[in-house]
Amino acid sequence: MALEVLHLDNHLIAVNKQAGEIVQGDKTGDQPLSETVAQYLKVQFNKPGDAFIGVIHRIDRPVSGVVLLARTSKGLSRMNELFRDRKIRKTYLALVEGLVKETEGTLVHYLSKNESQNRSRASLNPADGLLRCELKYSVLHRTERYTLLEVEPLTGRHHQIRVQLSAMGWPIRGDVKYGARRGNPDRSICLHAFRLEFTHPVNGEEVRIQAPFPKNEAWAPLAGFRLDENH
């Protein structure tokens with residue numbers, strides 16, 4: 001599949017990751033998105049050697065959407081600082097099972113992570129060793145069996161959106177790890193990293209990067225729905 005570039009400047013590049021791609025190399029040995037982007041830059045700018053590429057953040061393999069990478073060490077270090085200081089606004093779209101009645105709300109849970117199972121568990125009560133996590137959501141659309149949510153995580157915990165929505169009885173479509181009735185045929189989950197907003201750490205410009213709404217079969221329950229991508 002051709003690389004879909006969403007943003008490109010002297011220090012940063014953002015692409016629309018497809019569900020199933022990995023951002024950084026792992027034990028599977030599959031080519032990561034970071035290498036694909038480095039190869040793209042090498043060809044695009046006719047670089048004689050390898051192009052620098054720095055991984056700023058990651059989204060889970062079955063998730064699609066905006067991934068931002070650095071083209072320079074300066075871009076990498078300064079963007080890492082913005083993420084660390086939570087000066088990046090992240091917006092996701094999640095198609096969840098069931099009908100969410102409230103039009104908007106805030107969820108607060110306390111998470112524990114099971115390293116061996118690569119999954120998290122959410123509790124409503126704080127306790128030693130648990131990490132507080134918070135997100136805001138609003139309802140964009142409802143069908144007979146599903147609800148489309150816009151989600152803004154206010155913290156950055158392991159599988160946070162997936163486990164918090166599941167804990168409310170709203171598992172993400174296809175996410176059998178967190179309670180979905182069945183998996184999607186392509187092994188994706190219906191969670192899409194829709195938008196990143198931040199002040200560029202080098203040139204000071206306001207940046208807003210969006211990834212187009214997914215069109216694959218997993219999102220078929222939303223056939224006919226048109227998202228206002230400028231809202």
Side-chain angles (χ1 to χ4, degrees), residues 15 17-37 53-70 76-77 79-97 106-137 149 151-194 196 218:
V15 298
K17 183 181 98 65
Q18 303 303 304
E21 290 184 305
I22 54 173
V23 175
Q24 208 166 13
D26 64 9
K27 61 185 179 182
T28 65
D30 295 340
Q31 177 166 308
L33 186 62
S34 57
E35 288 186 11
T36 303
V37 172
I53 201 73
V55 175
I56 299 169
H57 69 123
R58 294 183 294 272
I59 57 178
D60 297 338
R61 184 164 194 163
V63 177
S64 59
V66 180
V67 172
L68 185 66
L69 302 114
L76 178 61
S77 62
M79 285 305 304
N80 282 341
E81 186 175 344
L82 289 187
F83 270 87
R84 186 172 58 249
D85 294 341
R86 298 179 186 171
K87 293 181 178 179
I88 305 284
R89 185 177 182 186
K90 297 176 283 187
T91 305
Y92 288 76
L93 302 176
L95 182 63
V96 301
E97 295 181 358
T106 300
L107 305 181
V108 177
H109 291 90
Y110 298 87
L111 263 59
S112 60
K113 181 181 177 182
N114 185 316
E115 295 284 355
S116 63
Q117 296 180 359
N118 188 35
R119 62 176 296 154
S120 293
R121 185 180 301 275
S123 170
L124 290 173
N125 302 310
D128 290 345
L130 301 188
L131 298 175
R132 185 183 185 279
C133 62
E134 182 177 1
L135 63 77
K136 296 193 300 186
Y137 72 87
L149 300 177
V151 179
E152 181 182 350
L154 303 179
T155 51
R157 309 302 187 191
H158 179 258
H159 291 177
Q160 175 182 334
I161 297 173
R162 299 166 66 180
V163 69
Q164 283 198 271
L165 296 182
S166 176
M168 298 299 294
W170 314 326
I172 294 170
R173 187 174 198 248
D175 195 2
V176 292
K177 176 173 279 192
Y178 289 106
R181 288 190 295 266
R182 62 184 63 86
N184 292 329
D186 61 0
R187 302 179 69 181
S188 69
I189 64 174
C190 289
L191 181 62
H192 181 65
F194 178 51
L196 284 181

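Everything numeric in this text was worked out from a predicted model, so none of it was measured.
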Applying side chain to side chain contact (heavy atoms under 4.5 Å, CB included), run through Leu165 and Leu107 and close with a yes or a no.
CA-CA 9 Å; Leu165 296 182; Leu107 305 181; 4.1 Å; yes
Tyr178 vs His159, test: ring pair (Phe, Tyr, Trp, His ring centres under 6.0 Å). Steps then yes/no.
CA-CA 10 Å; Tyr178 289 106; His159 291 177; 5.6 Å; yes
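Under the side chain to side chain donor-acceptor pair (under 3.5 Å) criterion, Glu152 pairs with Arg89, sequence neighbours left out. In terms of the side chain to side chain donor-acceptor pair (under 3.5 Å) criterion, residue partners of Asn118 (sequence neighbours excluded) are, by chain and number, His158. The salt bridge (charged side-chain N to carboxylate O under 4.0 Å, His left out) check on Arg182 picks up nothing, with sequence neighbours excluded. Scanning for salt bridge (charged side-chain N to carboxylate O under 4.0 Å, His left out) contacts around Lys87 gives an empty result, with sequence neighbours left out. Annotation: side chain to side chain donor-acceptor pair (under 3.5 Å) contacts of Glu134 (sequence neighbours excluded): Arg132.
Of the residues Ile53, Val23, Val67, the one that meets the side-chain contact (heavy atoms from CB on, under 4.5 Å) test with Val37 is Ile53.
Between Tyr137 and Trp170 the shortest side-chain heavy-atom distance falls below 4.5 Å. With a 4.5 Å cut-off on side-chain heavy atoms, Arg173 and Ile189 do not count as touching. No side-chain heavy atom of Phe194 sits under 4.5 Å from any side-chain heavy atom of Val66.
No salt bridge links Arg61 with Glu21; every basic N to acidic carboxylate O contact stays at or beyond 4.0 Å.
Residues Val163 and Ser120 approach most closely at CG2-O, 3.4 Å, considering heavy atoms. Smallest separation of non-hydrogen atoms from Pro153 and Leu135: CA-CB, 3.9 Å.
In this model, a donor atom of one side chain and an acceptor atom of the other lie less than 3.5 Å apart for Gln160 and Thr155.
Side-chain N or O atoms of Asp175 include none that pairs as donor or acceptor with a backbone N or O of Pro171 at under 3.5 Å. With hydrogens and angles disregarded, a donor-acceptor distance shorter than 3.5 Å links the side chain of Asp186 to the backbone of Ser188.
A distance of 4.0 Å separates CD of Glu97 from CZ of Arg181, quoted to the nearest 0.5 Å.
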Throw together a table of side-chain donor-acceptor distances under 3.5 angstrom for residues 121-130, partners on residues two or more places apart or in other chains.
from, atom 1, to, atom 2, distance (Å)
Ser123, OG, Asn125, N, 3.1
Ser123, OG, Asn125, O, 3.2

